[in-house]
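Please read these numbers as outputs of a predicted model, since none were measured by experiment. So that the names make sense, note that chain A is the first sequence line, chain B the second, and so on, each numbered from 1.
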There are 2 protein chains.
Amino acid sequence: MRALRRQGRISRSEISNITGWSKAKASQEIRSLIEKGYLVEIGEGVSQGGRKPRLLRINNQLGYIAGIDIGATSLDVALADVTGSILQRCSEPTDVKLPPQSVFGRCSELLLDLIRTQGGTPDQLLGIGVGVPGPVDFARGVLVAPPLMPEWENFPIRDFFKKTFHSAFVVVDNDVNIMALGEQRAGDGAGIDHFIFVKIGTGIGAGIISNGRIHRGSDGSAGDIGHICVDKEGPLCACGNKGCLEAMAAGPAIASKALEAARNGSSATLREMRESNGGTLRPEDVNAACREGDQAALDIIRDSGQMIGDVLASLVNFFNPSHIFVGGGITNFGNHLLVAIRRAVLHRSLPLATTHLSIKFSRVGSNVGVMGAISLALDYLFAIEDNLHLMV
Amino acid sequence: MRALRRQGRISRSEISNITGWSKAKASQEIRSLIEKGYLVEIGEGVSQGGRKPRLLRINNQLGYIAGIDIGATSLDVALADVTGSILQRCSEPTDVKLPPQSVFGRCSELLLDLIRTQGGTPDQLLGIGVGVPGPVDFARGVLVAPPLMPEWENFPIRDFFKKTFHSAFVVVDNDVNIMALGEQRAGDGAGIDHFIFVKIGTGIGAGIISNGRIHRGSDGSAGDIGHICVDKEGPLCACGNKGCLEAMAAGPAIASKALEAARNGSSATLREMRESNGGTLRPEDVNAACREGDQAALDIIRDSGQMIGDVLASLVNFFNPSHIFVGGGITNFGNHLLVAIRRAVLHRSLPLATTHLSIKFSRVGSNVGVMGAISLALDYLFAIEDNLHLMV
DNA sequence: GAACTTCGTTCAGATTGTAAACGAAGTTCT
DNA sequence: AGAACTTCGTTTACAATCTGAACGAAGTTC
């Protein structure tokens with residue numbers, strides 16, 4: 001019922017049209033919601049040839065919603081109101097090798113800071129959405145067999161946050177699922193029933209939207225495409241198999257290929273960079289070299305793109321999405337990567353599955369994670385509010 | 001509302017519990033449905049310590065539902081009542097190279113025969129579910145760019161059947177989707193949220209169930225895994241690409257590999273078979289040779305299984321299903337194929353995605369297609385009945 | 001066979017939703 | 001400027017709907 005209200009964020013008695021209710025009931029219901037403080041009036045709208053409508057909106061003073069996105073190397077925390085507008089956000093580097101207590105503890109601190117800066121108190125926090133880099137048992141809100149951080153397995157994320165924020169519920173999901181959700185709610189994914197959000201960074205993962213809903217799979221590990229095998233004789237991956245996509249095309253692989261190119265002399269640019277960096281190279285350096293027109297760097301990026309595209313081609317045949325959004329740390333690598341991915345997908349997939357397929361970078365940028373986390377929390381919030389209303 | 005009734009096929013005033021209605025309303029509603037002829041009483045049940053309940057059931061005299069499953073080489077037609085029980089079925093070989101008029105015309109004839117044999121008339125047919133071997137625009141009920149039978153594109157299947165069966169609605173879907181639905185409703189797929197039904201026959205295709213619903217993809221071509229590339233230098237496929245799974249591991253590929261083995265002398269058994277068959281070999285022959293312990297035949301089957309398993313391994317990582325059901329013409333090939341598939345999948349997928357994964361043959365057998373078609377038609381029937389009820 | 005269950009219906013009363021009428025506020029055309 | 005017409009939102013009387021409690025029917029258990 002008020003889920004509808006969330007959609008039309010500003011509108012008046014069109015509600016009676018949208019819901020199919022009579023004007024009488026709509027009016028009465030709205031009055032009750034205003035009395036309860038859920039809705040507020042917000043000025044008047046433009047006339048449609050008669051009396052001006054009195055617009056309303058969800059009361060954004062109801063409380064706060066937090067979105068937390070924990071990546072392999074960075075950590076984002078944002079505070080939003082119940083309409084999903086971000087009030088403030090912050091970001092800092094982290095390391096998943098650290099014990100969960102310290103990482104989540106830091107999240108709590110940052111969140112408390114944000115709330116204080118906004119002039120609120122911790123008990124005004126209604127809900128927290130958390131994205132973590134690994135398979136999540138969604139119902140329990142717990143990581144299951146995370147390859148990157150075995151220590152985190154079964155860490156009670158929900159209870160941990162509840163200790164500090166008593167009044168808030170906690171929803172935990174995989175970080176890529178949450179990015180896909182963010183793209184759906186705050187990006188170009190709006191209204192698209194079937195799409196894939198591909199995150200390329202330290203690892204490679206995919207968030208899947210099927211029939212408009214997140215597909216998590218039976219163990220919460222759906223979308224784990226980083227460990228699809230692309231070369232049976234390829235390098236050893238952290239997961240124990242050989243030639244995983246992640247081990248061959250993600251950020252670290254790009255960096256190590258660049259190091260090799262710097263060593264064997266196939267790229268003077270990369271060699272210079274390595275020296276000025278103190279013997280190491282980061283994925284960003286390869287991108288920079290690429291911009292300068294370095295052929296070896298370009299080849300490295302293209303190779304990555306082709307491998308990723310080859311895998312995506314299979315998935316396109318299988319899943320037939322209408323859109324693929326590419327995001328993550330590698331996103332600012334310009335178009336070379338994307339072009340290579342596109343070419344590989346178009347070359348290898350069935351024409352029917354690709355004629356309407358669009359492959360592009362996510363435009364939501366670095367906010368996509370926290371936006372998704374907030375959306376997830378809001379979904380949960382409005383679901384229980386609906387239930388409460390049904391019970392009362 | 002009566003969708004619930006369809007679930008509990010025999011039950012009485014538990015309906016008031018299931019629906020949450022008061023006993024009064026449930027009773028009244030049931031009376032109305034009985035008067036309209038939708039429900040019938042069917043004896044008494046066992047006492048629970050008090051008065052015996054009077055069991056009811058959906059009236060199976062309401063009309064007929066037809067399920068039609070058109071494969072690449074065979075055609076199945078079945079007649080069922082509105083509870084989904086098959087009354088009678090028939091099957092005959094066909095060829096998708098024939099024009100659609102003649103294939104669908106033959107379906108109509110068979111269906112008329114079945115109805116007559118059951119002592120009914122064509123206007124008692126309420127709905128028809130049709131499965132066709134190719135991508136389907138589900139909303140329009142029309143084939144889109146089918147690789148095997150370009151002539152069938154845009155053929156108005158719905159209108160064609162409506163000409164003969166005026167009172168029936170027609171729902172068209174891809175044949176593998178329909179098999180997946182059949183597995184869900186009449187097989188081991190009951191209650192499973194995420195699974196893949198893999199059909200291996202003349203072609204290779206997959207039906208996908210995500211969050212308990214068929215995932216059709218944005219163009220209706222989801223599940224078309226037959227044209228995933230497994231070998232960039234492989235043989236040319238009918239689709240124009242090289243090294244498609246279908247071209248390397250499906251029935252025809254198995255047969256042609258067997259012919260080669262018969263020619264080059266690596267298998268005496270296959271050579272004998274070829275001679276007694278008049279120079280050709282069918283996939284079934286390879287199976288027979290396999291049973292006799294022929295090593296070359298066994299290798300052929302194992303190779304196919306491995307290639308299929310390699311592809312499935314990627315899809316398991318991506319989709320994380322809890323079950324994979326294997327069906328289609330190759331199903332009766334015994335366990336060699338399945339063992340090879342299983343080994344490849346377990347070897348290549350992430351442990352988390354495979355620990356709870358079950359890969360087995362579909363037990364529904366040859367009925368799975370028509371059962372799915374019937375289920376699809378029933379879903380549609382009960383959906384519109386629900387709507388009608390809401391409107392009245 | 002008395003006491004207690006479960007099943008299903010009947011009926012009065014409360015709850016809920018609706019349509020129509022009406023007042024308020026605004027626009028357009030003369 | 002004002003008459004006529006719109007749209008917006010509320011009030012009110014009325015109709016449909018649902019529920020709870022009471023009750024008869026049918027059975028089980030001790």
- Message: Is a donor from one side chain sitting under 3.5 angstrom from an acceptor on the other, for His356(A) and Asp219(B)?
- Response: yes

- Message: Go through it in stages, so that I can follow the logic: the residues are Val172(B) and Val142(B), the test is side chain to side chain contact (heavy atoms under 4.5 Å, CB included), and I'd like the CA-CA distance, side-chain angles, deciding distance and then a yes or no.
- Response: CA-CA 7 Å; Val172(B) 185; Val142(B) 149; over 6 Å; no

- Query: Using 30° and 60° as the class limits, which term best fits the ring planes of Phe169(B) and Tyr380(B): parallel, tilted or perpendicular?
  - Reply: tilted

- Using Watson-Crick or G-U wobble pairs with both distances under 3.5 Å, give me DNA chain D in dot-bracket, 5' to 3', with [ ] for crossers and | for pairs to another strand. ||||||||||||||||||||||||||||||

- Whole Å only: how far is the CD atom of Glu41(A) from the C1' atom of dG9(D)? 10 Å

- Item | Rounded interatomic separation in angstrom, taking CG from Asn17(A) and C1' from dT7(D) | 12 Å

- Message: Would you say that Asn177(A) contacts Ile208(A) through its side chain, given a criterion of any heavy-atom pair below 4.5 Å between the two side chains?
- Response: no

- Message: Treating primed atoms plus P, OP1 and OP2 as sugar-phosphate and everything else as base, which nucleotides of nucleotides 20-30 of chain D get B, S or - for protein heavy atoms under 4.0 Å?
- Response: B---BBBBS--

- Item | Protein-nucleotide distance (Arg54(A), atom CZ; dT7(D), atom P), rounded to Å | 19 Å

- For atom CD of Gln28(B) and atom P of dG8(C), their distance in whole Å: 16 Å

- Message: Output the rounded distance in Å from CH2 (Trp21(B)) to P (dG8(C)).
- Response: 16 Å

- Message: What verdict does the salt bridge (charged side-chain N to carboxylate O under 4.0 Å, His left out) test give for Arg185(A) and Asp379(A), after you've listed the backbone C-alpha separation in whole Å, the side-chain angles of each residue and the deciding distance to 0.1 Å?
- Response: CA-CA 11 Å; Arg185(A) 302 301 169 80; Asp379(A) 282 358; 2.9 Å; yes

- Side chain of Pro53(A) (C-beta onward), nearest among dC7(C), dT18(C), dC8(D): dC8(D)

- Query: Which atom pair, heavy atoms only, marks the closest approach of Ile214(A) to Asp173(A)?
  - Reply: CD1-OD2, 4.0 Å

- Can you name the closest pair of heavy atoms from Asn59(B) and Val40(B) and give their distance? CG-CG1, 3.8 Å

- Message: Checking His215(B) against Ser210(A): is there a side-chain donor and acceptor pair closer than 3.5 Å?
- Response: yes

- Basic-acidic side-chain contact under 4.0 Å: Arg54(B), Glu41(B): yes

- Item | Protein-nucleotide distance (Glu29(A), atom CD; dT15(C), atom C1'), rounded to Å | 13 Å

- Could you say whether Arg31(B) or Lys25(A) is positioned toward the 5' end of DNA chain C, judged by the nucleotide with the nearest heavy atom to each? Arg31(B)

